[in-house]
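Report on one structure; see the data block that follows.
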Amino acid sequence: MNEEIDKLIQKTTLELLKHKEYKDIQMKEIAEKANIGRRTLYRYFAYKDEIMRRIVLRESEGE
């Protein structure tokens with residue numbers, strides 16, 4: 001897997017969270033804002049919760 005795409009997905013999700021509540025963000029929207037296909041997004045993360053877990057884990061590790 002490409003680490004740059006992984007980070008792009010996380011960054012895009014965080015950007016969307018500045019404007020919307022987590023429950024209102026859809027995977028389709030994340031893919032569109034990140035300018036990647038939905039299939040690519042789902043290859044990296046099957047669920048939106050997985051993106052948030054990765055973000056929390058990254059932040060807790062100080063990255």
Side-chain angles (χ1 to χ4, degrees):
M1 296 255 183
N2 185 323
E3 190 174 329
E4 288 181 30
I5 293 175
D6 185 278
K7 287 182 178 181
L8 172 64
I9 293 167
Q10 293 176 52
K11 179 181 175 186
T12 301
T13 302
L14 286 172
E15 285 295 317
L16 288 168
L17 282 167
K18 292 178 182 178
H19 306 286
K20 298 177 104 171
E21 290 187 37
Y22 174 74
K23 66 179 180 63
D24 296 329
I25 298 171
Q26 298 179 352
M27 293 289 275
K28 176 183 175 184
E29 185 177 14
I30 295 168
E32 289 172 357
K33 293 286 184 184
N35 201 28
I36 60 173
R38 278 194 279 175
R39 291 175 94 175
T40 300
L41 175 60
Y42 281 102
R43 224 178 289 136
Y44 284 82
F45 300 98
Y47 304 100
K48 185 172 61 171
D49 291 345
E50 290 179 8
I51 301 171
M52 289 307 297
R53 276 190 223 116
R54 184 81 54 86
I55 290 169
V56 169
L57 180 62
R58 187 186 81 202
E59 292 296 320
S60 69
E61 292 175 347
E63 286 187 34

### Query
Counting only heavy atoms not in N2, do more than 12 fall under 6.0 Å of its CG?
yes
#### Entry: Atom of I25, atom of K48 and distance for their closest heavy-atom approach
O-NZ, 2.8 Å
## Note on the structure
The single option from R58, R54, K11 that satisfies salt bridge (Lys or Arg N to Asp or Glu O under 4.0 Å) with D6 is R54
### Query
Where is the tightest heavy-atom contact between F45 and M27, given as atom of each residue plus distance?
O-CE, 3.3 Å
#### Entry: Full working for side chain to side chain contact (heavy atoms under 4.5 Å, CB included) between L17 and L14
CA-CA 5 Å; L17 282 167; L14 286 172; 4.3 Å; yes
### Task
Output the distance between atom CG (L8) and atom CG (N35), rounded to the nearest 0.5 Å.
8.5 Å
#### Entry: A34 to T12 - nearest heavy-atom pair and separation
CB-OG1, 3.5 Å
### Task
To the nearest 0.5 Å, tell me how far I51 CD1 sits from L41 CG.
5.0 Å
### Message
To the closest 0.5 Å, what do you measure between NZ (K33) and NZ (K28)?
### Response
12.5 Å
#### Entry: Closest non-hydrogen atom pair, D24 against K20
O-NZ, 3.6 Å
### E3 CD to K7 NZ distance, which is reported to the nearest 0.5 Å
4.0 Å
### E61/L57 under side chain to side chain contact (heavy atoms under 4.5 Å, CB included): CA gap, chis, key distance, verdict
CA-CA 6 Å; E61 292 175 347; L57 180 62; 3.7 Å; yes
### Query
Between atom CD1 of I5 and atom OH of Y44, what is the distance when rounded to the nearest 0.5 Å?
3.5 Å
